[in-house]
Amino acid sequence: MLRIAVIDERDGIAELLVKQLRESQIVGSCERFPQVGSDPNGCVSSLLNEQNIDTVVYSPPLLAERCSIPQLDDAENIFRQCQQSGKVKQVILLSSAEIYGASPQNPGLISETRLPCRSGQNFIADQWAELERTATEHLGGNAGAALAILRPAPVLLPDGNDYFSCFLQKRLAVTLPGHDPSIQLLSAEDLAFAVCCVIEKGAEGIYNVASDGVIPLRKALSLSGSKRLPVPRTLQRVARALLKPLGLAHSITQLDYIRYSWTVSNEKIKSELGFTPRRSSSQALADFIISEPIGRTPNSLATIAFDDFGFDKNYVEAFGRTLFNFLENYYWRVELRGLENLPREGPVVLVGLHRGFMPWDGIIVIHQILKLTGRCPRFLLHPGLVKFPFVANFMTKIGGVIACQENSNRVLERGEILGVFPEGVKGAFSLYRDAYRLGRFLRNDFVKIALRYQAPIVPFITVGSAEIFPILKRIEWSWWKRHTDWPCLPLTTPLPLPSKWHTQFLTPIRLEGIYPPTAAEDPVTVRAISQEVRNAMEQAIEKILTRRKSIFYGSVFEEEAG
C-alpha cells in the first residue's frame, strides 16, 4: 500500500487530493505536508523518512499574487529532500500548461511533444521550464524516483492567488482590445482525478491535463459577470511599470495569456492513463462562480459547447447578412461558378489562389460556401494575422486555424473542409504585374494529407481580388518583418478598390479508389497530383483573363455559357 505526501499551499486542491487519494484501493495513507517556506529547518525530509513516504505530490508556491510564476528555490529544496530521503519512489510535479507560452505561432491543442517555450521572451514560460528541468535533474533517471510531470490548465479556486482565479473574480477585468482567445479551465476535481490516474498506473513522463472543450475569453468573462475594460497593450505596459514597484501589477508577459491561444491536448493522458475529465471549461468556471463568497450566479453559457479554435457560426452569419452581403453583391459584385463541384459532406481539401495580402478572397469564399451549402471551410492561417488586434478576432471567428500539420489532421478527421493556399504567404504578396502568374507551390503537404484521408481536392480561383489592394512595390524593412511575420511591407492603395470578381470552383480531383493512403509517402505521386492541381488552376485563370474586358465590370461566365 502506498504512503503519499501532498505538498501544495492551495487549501482547496490539497484537501481534495488527500480526500480522493485516501479512497484509492492502493493507498495506505495520505497526508498533507508543509511547504519548504514554512519549514526552514528542512523537516520535510524527516517527515518523509519517519512516515515511510514513497510517493510525493508537489505543487510549487507562486512567486506573488495575481501571477503564475513558480518559486524555484522552494521547489529545488523539495526535490533535493525527496532525493535524499532514499525512500521516495515516485514524485508527481504539478507544473503548468503555461510552460508552452502564449504566442501567435501556437497551433492550439498543443501536445506534449511540443518543446516548452525557452526563447527568453516569456518569463513565465521560462520559469516553468526551469522548474521542470530542476525536477528532472534531481529526480528520475538514475536518481531512484520515478518522475511524472503534469501540465494542467488553470485551476480556479475562490481563495486562489494565481492570475486566472484573481482575473475572473473581478467585477471589472482589464483585457486587450481585438483579442478573444479560446482558453481552457480545469476543475479541481479533475486535477485530483488526473493525479490518482498517475499514481494508480505508476506512470512516468509528461502529461497535459485539460478539460474537454474550451471557452472564449469574452464568454468566460460574461459567464463570471465581469465587465471588460479593453486597454491597449502599450498603455498597460506603462501603467504596470509604474504600479509594479508598489506590488500592484503583475508581469506584462502575463497579458499574452489573454492575447493568444495556448490550449493543450489531453489525448495522451486519456489514452495512456484512462483519464476522463468530468467537467468542461465552462462547467469548471460555473462551479467556481457558485463557490465564490460573493455568490455570483452563472448564466446559461455554462451549458454551451464552443469550437476548439474559436469559430463562431453565428458571427459569420451575422456578417453574412450585412458586410459580406454588401461586399459580395454590391462592391465587388462577385460572379460565382462551379460551386456544385464542392462535395456536400465528408472531408475535402480546398486549394485556392490568394492575392491582395489581406485575406478578403478567402473570407468571401467562406461566406459563399456557408450561405449556399451550409458548410464552413477551415482555412489555414499565417501566424502573422493573429498578431494584429481585431484581425485576430475576425479571422479565428470566421473559421481560421493556425497552419500546421496537427490542425490539418483535426479538420479532416472531423469530416470538414480544409482550405489551403499552397503558394504560401509569398503568393499573397505578389507584385500586381505578377498577380495572375501562379507561383511555385512551396509545399505539397496538401496532397499528402488529402491522400492520407482519401479526401477529394477541389481547386478554386478568384480573378479580381488582386486588384482590390494592388501591390505596387515591396519594401524590405527588417523591423516590420520581425514584428508582423510578413515577408515585406507592401506599398498599395489605402482603401480596397471596387474591382469585379470572378470565382470558379473547378472539377474535383478524386483520390479515393485511385491512390491508396500510403501513396502520401511516394514523392513522385505527390508531385504529379500537385502539378495536376496547379495546371488546372493555371488554365482556368488564363481562360478568365482572356475573356475579361475590364477589371471593374463585365461577366466572363455568361460568355462561356453562351
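Reckoned from all heavy atoms, side chains included, excluding hydrogens, waters and symmetry mates.
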With a 3.5 Å distance limit and no angle check, can you tell me whether Thr396 reaches the backbone of Asn393 through a side-chain donor-acceptor pair? yes
Polar side-chain atom of Glu272 near backbone of Ile269 as donor-acceptor pair, under 3.5 Å: no
Is it the case that more than 12 heavy atoms not belonging to Arg437 sit under 6.0 Å from its CZ atom? no
Between Ile149 and Ser95, what is the shortest heavy-atom contact and its length? CG2-CB, 3.9 Å
Salt bridge or not between Asp307 and Arg378? Use side-chain N to carboxylate O under 4.0 Å. yes
So Glu112 and Tyr100, do their side chains get closer than 4.5 Å, heavy atoms only? yes
Can you classify the ring geometry of Trp262 versus Phe164 as parallel (below 30°), tilted (30 to 60°) or perpendicular (above 60°)? tilted
Would you say that Cys376 contacts Phe311 through its side chain, given a criterion of any heavy-atom pair below 4.5 Å between the two side chains? yes
Please state whether the rings of Tyr260 and His179 are parallel, tilted or perpendicular, taking 30° and 60° as the class boundaries. perpendicular
Go through Val365 and Gln368 one step at a time and tell me if the side-chain contact (heavy atoms from CB on, under 4.5 Å) criterion holds. CA-CA 5 Å; Val365 163; Gln368 291 173 320; 4.3 Å; yes
Output yes when a side-chain donor or acceptor of Tyr515 lies under 3.5 Å from a complementary backbone atom of Thr525, and no otherwise. no
Yes or no on side-chain contact (heavy atoms from CB on, under 4.5 Å) for Val533 and Ile509, after CA distance, side-chain angles and deciding distance? CA-CA 8 Å; Val533 173; Ile509 296 174; 3.4 Å; yes
Would you please indicate yes or no on a ring centroid separation below 6.0 angstrom for Tyr207 and Phe275? no
If you count heavy atoms of other groups shown closer than 6.0 angstrom to CZ of Arg482, is the number above 12? yes
Hydrogens and angles aside, do Asp485 and Gln105 bring a side-chain donor and acceptor to less than 3.5 Å of each other? yes
Show your working on side-chain contact (heavy atoms from CB on, under 4.5 Å) between Phe441 and Met537 and close with a plain yes or no. CA-CA 12 Å; Phe441 286 2; Met537 294 173 69; 4.2 Å; yes
Check whether any side-chain heavy atom of Ile258 sits under 4.5 Å from a side-chain heavy atom of Tyr163, and report yes or no. yes
Could you check whether atom CD of Glu345 has more than 12 heavy atoms from other residues, nucleotides or ligands sitting under 6.0 Å from it? no
Report yes if some heavy atom in the side chain of Ile402 is under 4.5 Å from a heavy atom in the side chain of Phe309; otherwise report no. no
Heavy-atom distance under 4.5 Å between the side chains of Glu416 and Arg410, does that happen here? no
side-chain hydrogen bond (donor to acceptor under 3.5 Å, both in side chains) between Ser261 and Ser182: does it pass, once the steps are laid out? CA-CA 6 Å; Ser261 170; Ser182 297; over 6 Å; no
Among Arg228, Lys397, Arg259, which residue satisfies the salt bridge (charged side-chain N to carboxylate O under 4.0 Å, His left out) criterion with Asp180? Lys397
Using ring pair (Phe, Tyr, Trp, His ring centres under 6.0 Å), reason through Tyr315 and Phe319 one step at a time and then give a plain yes or no. CA-CA 6 Å; Tyr315 183 93; Phe319 269 101; 4.9 Å; yes
Between Arg548 and Glu467, is there a salt bridge with N-O shorter than 4.0 Å? yes
Side-chain donor/acceptor of Gln236 to backbone N/O of Thr175, under 3.5 Å: yes
Could you tell me whether the side chain of Trp128 and the main chain of Ser68 form a donor-acceptor pair under 3.5 Å? yes
Assess, by modelled atom type and distance only, whether the side chains of Ser211 and Ser280 contain a donor and an acceptor separated by less than 3.5 Å. no
Quick one: does Thr263's side chain have a donor or acceptor within less than 3.5 Å of a partner on Gln184's backbone? no
Would you call Phe505 and Leu350 a side-chain contact if the rule is heavy atoms closer than 4.5 Å? yes
Do Pro508 and Val348 come close enough that some side-chain heavy atom pair is under 4.5 Å? no
Do Asn409 and Gln405 have side-chain N/O donor and acceptor atoms under 3.5 Å apart? yes
Side chain of Ser530, backbone of Val526: donor and acceptor closer than 3.5 Å? no
Check for a donor-acceptor pair, side chain of Asn407 on one end and backbone N or O of Ala403 on the other, with a separation under 3.5 Å. no
Crowding at OH, Tyr553 (>12 non-hydrogen neighbours, <6.0 Å): no
Quick one, Glu423 and Leu353 - any side-chain contact, counting heavy atoms below 4.5 Å? yes
Checking Asp361 side chain against Arg355 main chain: does a donor-acceptor pair fall under 3.5 Å? yes
Treating Arg237 as the side-chain partner and Pro232 as the backbone partner, does any N or O pair qualify as donor plus acceptor under 3.5 Å? no
Aromatic ring pairing Phe388/Trp480, orientation class (parallel under 30°, perpendicular over 60°, tilted between): tilted
Count the heavy atoms of every other residue, nucleotide or ligand shown that sit under 6.0 Å from NZ of Lys481, and state whether that count exceeds 12. yes
Between Asp256 and Arg233, is there a side-chain N and carboxylate O pair less than 4.0 Å apart? yes
Carboxylate-amine/guanidinium contact Asp312 Lys219, below 4.0 Å: no
side-chain contact (heavy atoms from CB on, under 4.5 Å) test vs Asn266 passes for just one of Asn208, Thr276, Leu109, Asp212, namely Asp212
